[in-house]
Amino acid sequence: MGCTNRQVADTFRFISQLLLIRGEDPFRVRAFQRAAMAIEGREEPICGMPSDRLLAVPGIGPHLAAQVGELCAGRESSLLLELQQSIPASVIALLELDQVGPKTVHRLWHELGVSTIEDLEQAAQAHRVSTLKGFGAKKEEELLKAIARHRRSTGRMTRVQAEAVLAGVAALLTDGTYTVAGSFRRGRSTIGDLDIVSTEAPAVVNPRLVVRADEVIDLGEKRTSIRFMGQRVDIRFCSPDQYGTMLMYLTGSKDFNIRLREIALSAGWRLNEYGIEERTTGSLRTAATEEEVFSMFGMDPVPPELREDHGEVEAALEHTLPALVTPADLRGDLHVHSRWSDGSMTIQELAGAGEALGYQYIICSDHSASLGVAHGLSAAEVQKQQHEIEVVNRSSSCRVLAGIEVDILSNGSLGLPDKTLQDLDLVIASVHSGFHQEEDVMTRRILSAIENEHVDIIGHPTGRVLGRRDPYAVDLDRVIEAAAVHRTALEINASPSRLDLDDTGVRKARDRGVAISLGTDAHMQAELGNMPYGIQVARRGWCRPADLLNTRDLSSLLEWAA
DNA sequence: GCCGTTTTCGGCCCGACTGTTTTCAGTCG
């Protein structure tokens with residue numbers, strides 16, 4: 001039983017934190033972090049790699065190669081086990097608090113005997129923390145606040161939530177003087193905090209922020225951090241001539257930045273957010289745009305969505321970056337509900353909305369009858385609906401495709417008979433029940449849907465709902481392989497609370513030649529506008545226009561589905 | 001723990017800000 005590069009990397013990162021808590025050499029710790037990055041950034045599976053090639057991976061030496069060997073053999077890492085035995089889990093959990101890192105955990109644990117969040121709360125309330133050298137009353141207050149925040153923490157924001165926070169902050173800034181950077185700009189599906197680059201004077205902006213913020217975390221001339229609508233917002237100030245390096249720095253990702261700085265170092269430069277310094281002469285060259293920075297490094301400009309050190313740096317150096325799909329490439333929406341099931345639009349309204357969006361086609365894909373809560377369609381109702389669709393299509397420039405979102409039932413069968421499905425233009429099959437099945441059962445359930453010749457698309461393939469429901473247990477690699485074999489598309493559900501498949505799943509599927517289908521899952525007209533969220537996931541999954549089903553024109557799409 | 005046409009020893013990406021300080025450690029991004 002092997003494991004993925006991501007799993008090995010996560011294990012190494014976890015080990016690095018535990019080593020720090022135990023107070024070990026920080027550079028030994030860095031070795032694990034660097035190895036984690038090196039492994040995660042590789043396309044090729046690290047498991048099963050011959051040892052000579054493993055040792056050739058930068059950052060992996062004999063000791064780490066042995067750790068990889070253990071993990072890939074399906075065993076626990078012996079080092080991790082040893083660390084976990086020597087540090088209680090509740091001590092490790094202290095890392096979840098803001099402002100608490102591994103070194104603080106080490107000291108709290110060893111010098112105060114704090115081994116749980118509750119211990120820490122009591123110690124801070126009794127002013128025992130401030131008896132430690134380097135800790136004071138302010139730190140105690142911060143710790144108590146961090147504990148309170150941790151208890152009511154809701155985790156990461158959806159993009160819609162982030163946009164709401166952003167709208168509030170933007171009102172305090174001046175149009176044209178700022179850019180939102182960070183994970184928001186990289187198009188991530190969830191956002192931890194907002195990062196903004198501003199060219200306005202801090203003396204102008206700071207007072208406005210202070211007045212409106214829930215809490216001021218840091219107040220500075222170069223950076224100010226506030227909590228706004230309960231979320232952390234960081235604003236970096238810079239002059240226009242340094243905008244390029246600052247925006248690049250703040251957009252990240254961290255791993256991408258580190259790679260770029262390493263490339264700079266090997267070329268005799270030092271890169272930071274203020275510019276590019278020649279190490280021998282110390283002369284600083286500034287860049288007003290990111291393009292200038294990329295050009296200095298001999299790289300093609302890397303779209304923000306790709307900046308994760310997942311191979312895009314090499315591709316940019318070799319000039320082989322993919323030309324990513326854009327909203328303009330889309331010809332239609334492939335997952336929409338009407339009033340026939342649980343949506344609010346009539347077929348006529350659906351056609352009109354499609355026309356307004358400039359689409360060639362829009363699917364009507366209502367639920368099948370098996371899903372009681374959604375007023376699903378029976379075989380007879382599907383037929384009736386098809387007639388209405390035909391009538392509407394006579395006077396619409398946007399073709400309404402007759403489709404269905406048929407349930408994949410617990411035993412792997414579908415919610416409607418084959419003879420109903422065969423008459424439809426497109427069939428989406430989705431799991432809407434029995435989320436807690438064992439991985440193998442769930443996987444085989446989805447595979448049987450993929451194997452059905454009438455099924456064209458698997459809807460929201462992992463069933464996750466951001467912040468509310470974890471993905472169900474499913475072996476995505478087997479799903480992707482089967483989808484490739486049976487020429488079944490996998491969906492990116494563009495609803496901002498789903499965004500399922502996620503970016504890594506999309507990249508895998510794309511690499512295996514599986515078609516990706518984009519659908520908003522709109523239940524009302526406004527939700528048809530969610531498509532850009534799905535496009536962002538496609539871009540993060542390295543999709544070119546040709547990788548998506550709905551960049552095809554109508555006849556090509558119908559030909560594919562036939 | 002890893003790595004090297006500057007190095008097999010002595011480095012490891014870089015900077016802002018805070019708190020507790022008297023020059024810096026820790027955290028964060």
For this session: By nearest nucleotide on DNA chain B, pick out whichever of A:Val57 and A:Leu95 is the more 5' one.
Result: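 Looking at the nearest nucleotide for each, A:Val57 comes out on the 5' side.
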For this session: Return the set of residues passing side-chain contact (heavy atoms from CB on, under 4.5 Å) with A:Arg285 (not counting sequence neighbours), or none when no residue passes.
Result: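 A:Arg285: side-chain contact (heavy atoms from CB on, under 4.5 Å) contacts with A:Met296.
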Exercise. How would you list, by chain and number, every residue that makes a side-chain contact (heavy atoms from CB on, under 4.5 Å) with A:Thr158, sequence neighbours excluded?
Worked result: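 If we apply the side-chain contact (heavy atoms from CB on, under 4.5 Å) test to A:Thr158, skipping adjacent residues, the hits are A:Val160, A:Gln161, A:Leu466.
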Separation between the [atom1] atoms of [N] and [M], rounded to whole Å:
N      : M      : atom1 : value
B:dC9  : B:dG19 : C1'   : 36 Å
B:dT21 : B:dT7  : P     : 44 Å
B:dT6  : B:dG1  : C1'   : 23 Å
B:dA16 : B:dC2  : P     : 32 Å
B:dT20 : B:dA25 : C1'   : 10 Å
B:dG4  : B:dT22 : C1'   : 39 Å
B:dT23 : B:dC17 : C1'   : 16 Å
B:dT5  : B:dC12 : P     : 15 Å

Could you give the [atom1]-to-[atom2] distance, from [X] to [N], as a whole number of Å?
X        : N      : atom1 : atom2 : value
A:His106 : B:dT27 : NE2   : P     : 11 Å
A:Glu24  : B:dC2  : CD    : P     : 14 Å
A:Asp25  : B:dC2  : CG    : P     : 12 Å
A:Arg156 : B:dG29 : CZ    : C1'   : 13 Å
A:Arg232 : B:dG29 : CZ    : C1'   : 8 Å
A:Arg185 : B:dG29 : CZ    : C1'   : 16 Å
A:Gln17  : B:dC28 : CD    : C1'   : 12 Å
A:Leu209 : B:dC17 : CG    : P     : 14 Å

Problem set entry | Contact list for DNA chain B against residues 134-141 of chain A - heavy-atom distance below 4.0 Å |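 The answer is A:Gly134, A:Phe135, A:Gly136, A:Ala137, A:Lys138, A:Lys139.
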For this session: Under 4.0 Å from any atom of DNA chain B, heavy atoms only: list the residues of residues 48-56 of chain A that qualify, in numerical order.
Result: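 Close to the strand, none.
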Exercise. For A:His110, what residues pass the ring pair (Phe, Tyr, Trp, His ring centres under 6.0 Å) criterion, not counting sequence neighbours?
Worked result: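 In terms of ring pair (Phe, Tyr, Trp, His ring centres under 6.0 Å), with neighbours along the sequence ignored, A:His110 is linked to A:His106.
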Exercise. Which residues pass the ring pair (Phe, Tyr, Trp, His ring centres under 6.0 Å) test with A:Phe32, sequence neighbours left out?
Worked result: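 A:Phe32: ring pair (Phe, Tyr, Trp, His ring centres under 6.0 Å) contacts with A:Phe12.
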Do [X] and [Y] have side-chain heavy atoms sitting under 4.5 Å apart?
X        : Y        : value
A:Ile235 : A:Asp195 : no
A:His460 : A:Glu491 : yes
A:Met246 : A:Phe237 : no
A:Thr174 : A:Thr177 : yes

Looking at every strand, decide which applies to [X] at a 4.0 Å heavy-atom threshold: base, sugar-phosphate, or nothing.
X        : answer
A:Leu250 : nothing
A:Val100 : sugar-phosphate
A:Leu260 : nothing
A:Glu221 : sugar-phosphate
A:Pro62  : sugar-phosphate

Enumerate the protein-to-nucleotides 13-15 of chain B contacts in which both atoms are nitrogen or oxygen and the separation is below 3.5 Å.
| unit_1 | atom_1 | unit_2 | atom_2 | d |
| --- | --- | --- | --- | --- |
| B:dC13 | OP1 | A:Arg30 | NE | 3.2 |
| B:dC13 | OP1 | A:Arg30 | NH2 | 3.3 |
| B:dC13 | OP2 | A:Arg34 | NH1 | 2.3 |
| B:dC13 | O2 | A:Arg261 | NH1 | 2.5 |
| B:dC13 | N4 | A:Lys254 | NZ | 3.2 |
| B:dC14 | OP1 | A:Arg270 | NH1 | 2.7 |
| B:dC14 | O4' | A:Arg261 | NH1 | 3.3 |
| B:dC14 | O2 | A:Arg261 | NH1 | 3.4 |
| B:dG15 | OP1 | A:Asn272 | ND2 | 3.0 |

Exercise. Of all residues at least two apart in sequence or in a different chain, which pass the side-chain hydrogen bond (donor to acceptor under 3.5 Å, both in side chains) check with A:Ser198?
Worked result: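 Checked A:Ser198 against side-chain hydrogen bond (donor to acceptor under 3.5 Å, both in side chains); zero matches.
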Exercise. Do A:Asp255 and A:Arg13 pass the salt bridge (charged side-chain N to carboxylate O under 4.0 Å, His left out) test, and can you show the C-alpha distance, the side-chain angles, and the key distance before you say yes or no?
Worked result: CA-CA 13 Å; A:Asp255 290 349; A:Arg13 287 210 177 85; 3.8 Å; yes
Problem set entry | Point-to-point distance, once rounded to the nearest 0.5 Å, from CG of A:Asp500 to CD1 of A:Ile492 |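 Rounded to the nearest 0.5 Å, the CG-CD1 separation comes out at 9.5 Å.
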For this session: Sort and list the pairs that fulfil salt bridge (Lys or Arg N to Asp or Glu O under 4.0 Å) and have at least one residue in residues 51-63 of chain A, not counting sequence neighbours.
Result: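 Matches after skipping sequence neighbours: A:Glu44-A:Arg53.
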Problem set entry | For B:dT8, the Watson-Crick or wobble partner whose two distances fall under 3.5 Å |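 With both distances under 3.5 Å required, B:dT8 matches none.
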Taking N or O atoms only and anything under 3.5 Å, show me the protein contacts with nucleotides 22-26 of chain B, one pair per line.
| unit_1 | atom_1 | unit_2 | atom_2 | d |
| --- | --- | --- | --- | --- |
| B:dG26 | O3' | A:Thr104 | OG1 | 2.9 |

Exercise. Who are the salt bridge (Lys or Arg N to Asp or Glu O under 4.0 Å) partners of A:Glu111, not counting sequence neighbours?
Worked result: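 For A:Glu111 the salt bridge (Lys or Arg N to Asp or Glu O under 4.0 Å) partners, ignoring immediate neighbours, are A:Arg107.
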Problem set entry | Contacts of A:Glu290 that satisfy salt bridge (Lys or Arg N to Asp or Glu O under 4.0 Å) - sequence neighbours left out |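 In terms of salt bridge (Lys or Arg N to Asp or Glu O under 4.0 Å), with neighbours along the sequence ignored, A:Glu290 is linked to A:Arg185, A:Arg307.
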Problem set entry | A:Phe228 six-ring face occupied by A:Arg212 cation (under 6.0 Å, within 45°) |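 Not satisfied by the 6.0 Å and 45° rule.
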For this session: For the pair A:Asn272 (side chain) and A:Gly275 (backbone), establish whether a donor and an acceptor sit closer than 3.5 Å, ignoring hydrogens and angles.
Result: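 Looks like yes, one N/O pair under 3.5 Å.
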